[in-house]
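First comes the structure, then the notes that go with it.
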Amino acid sequence: MSDQLQELYQEVILDHNRRPRNFRLIAGGVTQEGYNPLCGDRVLVSMNIEDGIVRDVAFEGQGCAIAKASASLMTEALKGLTVAEAQERFAQFQSMVTSAHDEPPADLGKLSVLAGVREFPTRVKCASLAWHAAKAVLDGAPAAPVSTE
Ligand code: ZN
């Protein structure tokens, strides 16, 4: 990856960390907590699914820059998708952040800014925390908080 591209990616992550999008809880939505004990990231993902479509998705919580930026980018990425499409996006994201270093990461548009975390296994958990919480909601009745451990 060129230095210039890396800088741009860094900027997007810092921007979403500073000004997270959809940082709120949805009244009447389904809420799922996610916790990453390794880093201390804790997020609440809130979702409103109607007629099989993710009408709204938001989050609250505290965490490192990667966890917050990833949650913020996720809310933008999932909104408006069908449940099946959102589950597919989760799978694509997971595979991007866990793919081998020497393989080019899948191009997931804006989400690609997080591909760099695959170089840092502990950061993969930060980046995927909100996604795991969202996946639990997409898969049906969430129960216990999801943990990365
Ligand atoms: Zn973290």
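The basis for the numbers below is simple: all heavy atoms, side chains too, and nothing from hydrogens, waters or symmetry mates. Start at 1 and go down the list; that is how both ligands and their atoms are numbered. All residue numbers refer to positions in the sequence shown, counting from 1.
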>> Keeping D41 on the side-chain end and C64 on the backbone end, is there a donor-acceptor pair under 3.5 Å?
In response: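 Yes, the answer is positive, given that a donor and an acceptor are paired below the 3.5 Å cut-off.
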
> Would a distance-only check, ignoring hydrogens and angles, find a side-chain to backbone donor-acceptor pair under 3.5 Å from S72 to R21?
Replying inline: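 Between the backbone of R21 and the side chain of S72 there is a qualifying donor-acceptor contact (under 3.5 Å).
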
> Counting only heavy atoms not in Q62, do more than 12 sit closer than 6.0 Å to its CD atom?
Replying inline: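 No, the 6.0 Å shell around CD holds no more than 12 heavy atoms from other groups.
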
> If you draw a sphere of radius 2.8 Å around the Zn ion (ligand 1), how many protein N/O/S atoms end up strictly inside it?
Replying inline: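 Total protein N/O/S atoms under 2.8 Å from the Zn ion (ligand 1): 5.
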
Please table the atom pairs, donor to acceptor, closer than 3.5 Å between any side-chain atom in residues 42-51 and protein atoms at least two apart or in another chain.
| residue | atom | partner | partner atom | Å |
| --- | --- | --- | --- | --- |
| R42 | NH1 | E33 | OE2 | 2.5 |
| S46 | OG | I26 | N | 2.9 |

> For the residue pair W131 and F90, does the interplanar ring angle fall in the parallel (under 30°), tilted (30 to 60°) or perpendicular (over 60°) class?
Replying inline: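 Answer is tilted, since the angle falls between 30° and 60°.
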
> Would you call R24-E60 a salt bridge at under 4.0 Å N-O?
Replying inline: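 Result for this pair is no, no salt bridge flagged.
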
